[in-house]
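Okay, structure first, notes after.
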Amino acid sequence: MTNDDSALLKKLCSIHATSGNESAMTTFLLDHIKEESKNWKVKPTIYSGENFQDCIVLVFGKPRAAVFAHIDSIGFTVRYDDQLVKIGGPVVAEGTRLTGRDSKGEVSCTLITGTEDKPGIFYHADREIDRGTDLVFKQDFRETDEYVQSCYLDNRLGVFNALKVCEDLDHGAIVFSCYEEHGGGSANYLGRFLFEKYGVRQALISDITWVTDGVPAGKGVVISLRDSGIPRRKYVNRIVSHAKESGIEFQMEVESAGGSDGNDLQRSPYPFDWCFIGAAEEFVHSPDEKVHKKDIASMISMYRYLMAKL
């Protein structure tokens with residue numbers, strides 16, 4: 001990763017954009033696209049605004065396939081009496097630092113786990129926080145020769161990958177979706193738009209998966225054969241065949257849990273094929289998510305190769 005790449009990824013990980021409150025990320029991405037697209041091989045058509053809520057669709061040339069990358073994150077919502085409600089599935093650990101902003105200004109607090117007598121999740125702060133305030137993990141971005149580590153690599157790394165693919169994409173669509181961490185749904189209408197306007201019905205899901213006993217760090221990007229959803233095997237076999245031809249290092253996973261925008265595309269009334277392809281991380285949904293740089297590099301290379309083949 002170059003210094004510019006590291007700076008961009010760090011910035012993406014720092015933006016407050018929990019599920020349902022993604023507008024700050026949308027604004028950043030639109031500004032970034034406007035500034036950087038003059039250096040891209042093809043300047044895309046940009047679709048955004050109220051008909052897309054906080055999502056963005058970029059269309060390059062004559063698209064045959066689309067990359068979906070969700071821009072939202074997990075977090076917490078302030079309830080009453082210092083209580084917190086989870087957004088998505090964040091790790092809950094005593095003493096975790098949380099940040100946000102309410103009507104009184106910046107918020108900094110500490111997560112407190114409940115007891116048998118008082119179950120639940122709570123915050124400790126110097127003042128009361130407005131109910132409904134979204135809180136996120138306090139960022140601590142770390143980088144070594146081999147790894148990057150930060151909160152929200154899931155899925156800001158998927159967004160970073162999509163932006164890198166934009167640089168030399170001739171034909172294709174890049175979709176920045178919302179709500180994925182807490183129920184999903186936006187991929188449905190985004191897929192409808194691409195199918196009806198451009199005839200696109202192939203998707204790659206640019207998201208982050210898990211380091212497991214069968215998927216170690218540093219051994220290449222992961223192609224998921226299934227998770228909680230089962231993509232059409234004919235399409236996945238085609239993806240794997242292209243991946244083998246590419247010479248790019250990759251791994252394959254089989255999981256029973258986890259989901260993505262691919263699940264929403266599969267539930268939609270449109271004939272979308274999809275495949276989840278992403279780097280594996282340790283310490284999932286915690287402030288300390290960790291990804292090997294070799295896996296980031298192979299993820300970008302694989303997406304560039306596949307988008308030219310599909």
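Taking both residues in full, the closest heavy atoms of His70 and Glu180 are given as NE2-OE1, 3.0 Å, listed atom of the first, atom of the second, then distance. Contact between Val85 and Arg79 at its shortest, heavy atoms only, is CG2-CD, 3.7 Å. Residues Pro231 and Gly229 approach most closely at CD-O, 3.6 Å, considering heavy atoms. Of all heavy-atom pairs between Asp295 and Gly220, the closest is OD1-N, 2.7 Å. Minimum heavy-atom separation, Ser286 to Phe137: C-CE1, 3.7 Å. Of all the heavy atoms in Ala243 and Ile223, the pair that sits closest is CB-CD1, 3.7 Å.
Considering only heavy atoms from C-beta on, Cys109 comes within 4.5 Å of Leu135 through its side chain. Counting only heavy atoms from C-beta outward, the side chains of Leu12 and Met25 approach each other to under 4.5 Å. Side chains of Thr96 and Pro287 form a contact here, defined as non-hydrogen atoms less than 4.5 Å apart. Using a 4.5 Å heavy-atom threshold, the side chains of Asp261 and Val175 count as separate. Residues Phe141 and Ser14 are not in side-chain contact: their nearest non-hydrogen atoms beyond the backbone lie 4.5 Å or more apart. With a 4.5 Å cut-off on side-chain heavy atoms, Val91 and Phe283 do not count as touching. His124 has its side chain out of reach of Asp82: every pair of non-hydrogen atoms, C-beta onward, lies at least 4.5 Å apart. Looking at Glu36 and Leu163, their side chains never come closer than 4.5 Å, going by heavy atoms from C-beta outward.
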Test side-chain contact (heavy atoms from CB on, under 4.5 Å) applied to Leu157 and Leu9, step by step: CA-CA 7 Å; Leu157 189 50; Leu9 181 56; 4.1 Å; yes
* Would you check, one step at a time, whether the test side-chain contact (heavy atoms from CB on, under 4.5 Å) holds for Leu29 with Ile71? => CA-CA 10 Å; Leu29 287 173; Ile71 65 175; 3.8 Å; yes
### Task
Show the numbers, then the answer: is there a side-chain contact (heavy atoms from CB on, under 4.5 Å) between Tyr198 and Lys62?
CA-CA 8 Å; Tyr198 291 99; Lys62 298 178 179 179; over 6 Å; no
Dump the intermediate steps for side-chain contact (heavy atoms from CB on, under 4.5 Å) on Leu204 and Leu310, then the final yes or no. CA-CA 10 Å; Leu204 302 178; Leu310 294 177; 4.0 Å; yes
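With hydrogens and angles ignored, the 3.5 Å screen pairs no side-chain donor or acceptor of Glu282 with any backbone N or O of Val211. Looking at Ser268, its side chain does come within 3.5 Å of a backbone N or O of Leu265 through a donor-acceptor pair. For Gln149 (side chain) and Asp288 (main-chain N/O), a donor-acceptor pair under 3.5 Å exists by modelled atom type. Side-chain atoms of Thr212 come within 3.5 Å of backbone atoms of Val215 as a donor-acceptor pair (strictly under, hydrogens ignored). With hydrogens and angles ignored, the 3.5 Å screen pairs no side-chain donor or acceptor of Thr18 with any backbone N or O of Asn21. The backbone N or O of Tyr179 sits less than 3.5 Å from a side-chain atom of Glu22, completing a donor-acceptor pair. Using a distance-only test at 3.5 Å, with no hydrogens or angles considered, a donor-acceptor pair links the side chain of Tyr123 to the main chain of Ile129. No donor-acceptor pair under 3.5 Å is formed between the side chain of Ser241 and the backbone N or O of Asn237. Judged by distance alone, with hydrogens and angles left aside, the side-chain atoms of Ser48 form no donor-acceptor pair with the main-chain N or O of Ile56 at under 3.5 Å. Looking at Lys86, its side chain never comes within 3.5 Å of a backbone N or O of Ile74 through a donor-acceptor pair.
For the pair Glu106 and Arg101, the salt-bridge criterion is met [side-chain N within less than 4.0 Å of a carboxylate O]. Note on Asp264 versus Arg267: salt bridge recorded, some NZ/NE/NH1/NH2 to OD/OE distance being below 4.0 Å. Between Arg127 and Asp102, at least one side-chain nitrogen of the basic residue sits less than 4.0 Å from a carboxylate oxygen of the acidic one, meeting the salt-bridge criterion. Salt bridge annotation for Arg304-Glu167: present, with a cationic side-chain nitrogen under 4.0 angstrom from a carboxylate oxygen.
Checking Gln139 against Tyr152 by side-chain atom types alone, no donor-acceptor pair falls below 3.5 Å. For the residue pair Ser206/Asn161, the side-chain donor-acceptor check at 3.5 Å is satisfied. Donor-acceptor pairing under 3.5 Å is lacking for the side chains of Ser186 and Gln53. Checking Ser260 against Asp227 by side-chain atom types alone, no donor-acceptor pair falls below 3.5 Å. No side-chain N or O of Arg142 forms a donor-acceptor pair with one of Ser150 less than 3.5 Å apart. Checking His285 against Asp154 by side-chain atom types alone, a donor-acceptor pair falls below 3.5 Å.
The environment of CG in Asn3 is sparse: at most 12 heavy-atom neighbours from other residues, nucleotides or ligands sit within 6.0 Å. Shown here is Lys11, whose NZ atom has no more than 12 heavy atoms of other residues, nucleotides or ligands within 6.0 Å. The local environment of CD in Glu128 is sparse, with at most 12 non-hydrogen atoms from other residues, nucleotides or ligands closer than 6.0 Å. Within a 6.0 Å radius of CZ in Arg192, other residues, nucleotides and ligands contribute 12 heavy atoms or fewer. At most 12 non-hydrogen atoms from other residues, nucleotides or ligands lie less than 6.0 angstrom from CZ of Arg201. At most 12 non-hydrogen atoms from other residues, nucleotides or ligands lie less than 6.0 angstrom from CG of Asp126. Around the NZ atom of Lys118, the shell of radius 6.0 Å holds no more than 12 heavy atoms that belong to other residues, nucleotides or ligands.
One hydrophobic cluster, built from ILVMFWY side chains closer than 4.5 Å, holds both Phe68 and Val57. No path of Ile, Leu, Val, Met, Phe, Trp and Tyr side chains, each step under 4.5 Å between heavy atoms, connects Phe276 with Ile300, placing them in separate hydrophobic clusters. A continuous path of hydrophobic side-chain contacts links Leu84 to Val136 [ILVMFWY only; heavy atoms under 4.5 Å]. Linking Ile, Leu, Val, Met, Phe, Trp and Tyr residues whenever their side-chain heavy atoms come within less than 4.5 Å leaves Val254 and Val284 in two separate clusters. A continuous path of hydrophobic side-chain contacts links Leu306 to Met252 [ILVMFWY only; heavy atoms under 4.5 Å].
Separation of atoms CD (Glu94) and CG (Leu111) is listed at 7.0 Å; rounding is to 0.5 Å. Separating the CG atom in Leu153 from the CD1 atom in Ile208 is a distance of 7.5 Å, to the nearest 0.5 Å. Between the OG atom of Ser301 and the CD1 atom of Ile296 there is a distance of 12.0 Å, given to the nearest 0.5 Å. Atom CG of Asp130 and atom OG of Ser103 lie 3.5 Å apart (nearest 0.5 Å). The CG atom of Asp134 sits 11.0 Å away from the OG1 atom of Thr99 when rounded to the nearest 0.5 Å. Atom-to-atom distance recorded for Lys293:NZ and Asp145:CG is 6.5 Å, nearest 0.5 angstrom.
Under the side chain to side chain donor-acceptor pair (under 3.5 Å) test applied with Asp273, the options Gln202, Gln266, Arg232 reduce to a single match, Arg232.
Proximity of the aromatic rings of Phe60 and His171 is defined here by a centroid distance below 6.0 angstrom, and this criterion is not met. For Phe193 and Phe52, the distance between ring centers is under 6.0 angstrom.
Stacking of Lys290 on the aromatic ring of Tyr147 is recorded, both the 6.0 Å distance cut-off and the 45° axial limit being met.
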